[in-house]
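Just below is one structure, and these are the notes that go with it.
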Amino acid sequence: MSILVTGGAGYIGSHTIVCLLEKGEDVVVIDNYDNSSPEALRRVMQLTGKEFKVYEGDVCDRDLVERIMRENNVESVIHFAGHKAVGESVEKPLKYYKNNLISTLSLLDAMLAAGVNRLIFSSSATVYYKEDTVPLTEDERLGCINPYGWTKFMNEQIIRDACQANPSLSCVLLRYFNPVGAHPSGMIGEDPSGIPNNLMPYICQTAVGLRDHLTVFGNDYKTHDGTGVRDYLHVCDLAEGHAKAVSFARGRTGCEAINLGTGTGYSVLDIVKAFEKANGVKINYVIGPRRPGDLDENYSDPSKAERLLGWKATRTIEDMCRDGWNWQSKNPRGYRA
Ligand code: NAD
Ligand code: UD1
């Protein structure tokens, strides 16, 4: 029996595969390398000393996905595949709706045809309504402000409806907060194409000299130092959350949305300072205008994950900064070296 990991060559997928293999699970991967490199999977094999089957293909290809499920005796699916750049989703909404929705629809269709009942879906804290109060619990009001966010919102609804209509399904909607850091080996990590949108990769690229300085997007937010506060989460903790979610899904049916975060918020300047302290490097930064769509603060109430999955983040902000920098300094140009 194996777990099908869609988008397994990506940032979170590659770390999750390491965690699953270490727990003795068998995995099979499908990725079209739209935003990743086969090198990531080669390194996962090197790191774990384990081999697994990889299909280069599109999750929107329903028949291929069904064939993979049948050929590999798949019993659960972790669905990471999707486009994830917020800004690009505003410019090219149809690209986002097409890939992110059709991939989930064809996956569910193939699962039902092949008799695969368990699905772990990569959702995001972006599904919460802008004015919800922090810490965010899973039953807060939902609502989005960009097409990327709506694809997560719509996918959640599609999966919920599929569970309602098919009582044998067991689905977990994992709402990630801000995944950062890398495997402590420095062999795998986040490899954004072009100029990073997210804070931690931007800081790492500034530290390694690829970027001249970080622009802090606004210092007039209602937070302790005026800069935006987020719930940063080590990608290895996030990976463990997926392994726990698979075990949880095996013991039940139905659909649950679960936050994965630490429950602690750090500001942009807190992160800059923590990064400098953990790694003994200096980050040049300037204060710039706010980025449209940004919130003052966004952090989770992670208690449902602890209650249902037995999962709690254990890695500190120092671990996130140290491991992120270890990956970046060993691989200044990511997997392209
Ligand atoms: P990523 O881009 O590194 O990984 C996604 C992978 O999916 C890539 O390898 C890409 O090539 C592949 N892919 C995309 N469309 C595909 C398709 N149609 N068929 C086959 N492969 C396809 O992204 P990530 O950071 O690892 O994120 C994984 C998931 O988690 C995404 O769904 C993302 O929206 C979600 N998420 C990410 C974050 C974050 O901050 N990284 C936060 C919340 C949610
Ligand atoms: C962003 C996305 C969100 C997505 C999440 C995880 C937007 C508006 N939101 O959220 O939908 O789910 O990433 O992928 O894009 N910052 C700077 N300078 C930078 C980069 C970021 O000051 O160069 C600040 C931001 O203003 C924010 C914090 O750092 O306060 C974190 O930003 P980021 O890493 O982009 O994550 P989110 O804003 O939480």
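All ligand and atom numbering here is 1-based and tracks the order in the structure.
Using a 4.0 Å cut-off between heavy atoms, Ser123 contacts ligand 1 through its backbone alone, with no side-chain atom that close. The side chain of Asn99, and not its backbone, has at least one atom closer than 4.0 Å to an atom of ligand 1 (non-hydrogen atoms only; side chain from C-beta on). At a 4.0 Å heavy-atom cut-off, ligand 1 touches Tyr148 through the side chain alone.
The heavy atom nearest to atom 28 (C) of ligand 2, out of those in Tyr232, Tyr266, Tyr299, is found in Tyr232. Of all the listed residues (Arg230, Arg291, Glu297), Arg291 holds the heavy atom that lies closest to atom 32 (O) of ligand 2. Remark: among candidates Asn198, Thr126, Ile145, the nearest residue to atom 5 (C) of ligand 2 is Asn198, based on non-hydrogen atoms.
Where the criterion is an N or O separation shorter than 3.5 Å, residue side chain and backbone included, Asp34 meets it with respect to ligand 1. At least one N/O-N/O distance between Thr215 and ligand 2 falls below 3.5 Å. An N or O contact shorter than 3.5 Å links Phe217 to ligand 2 by distance.
At least one test fails for Arg291 against the ring of Phe217: distance under 6.0 Å to the centre or angle within 45° of the axis.
Nearest non-hydrogen protein atom to atom 28 (C) of ligand 1 is Phe80 O, 3.6 Å.
The number of heavy atoms from other shown groups lying within 6.0 Å of NZ (Lys312) does not exceed 12.
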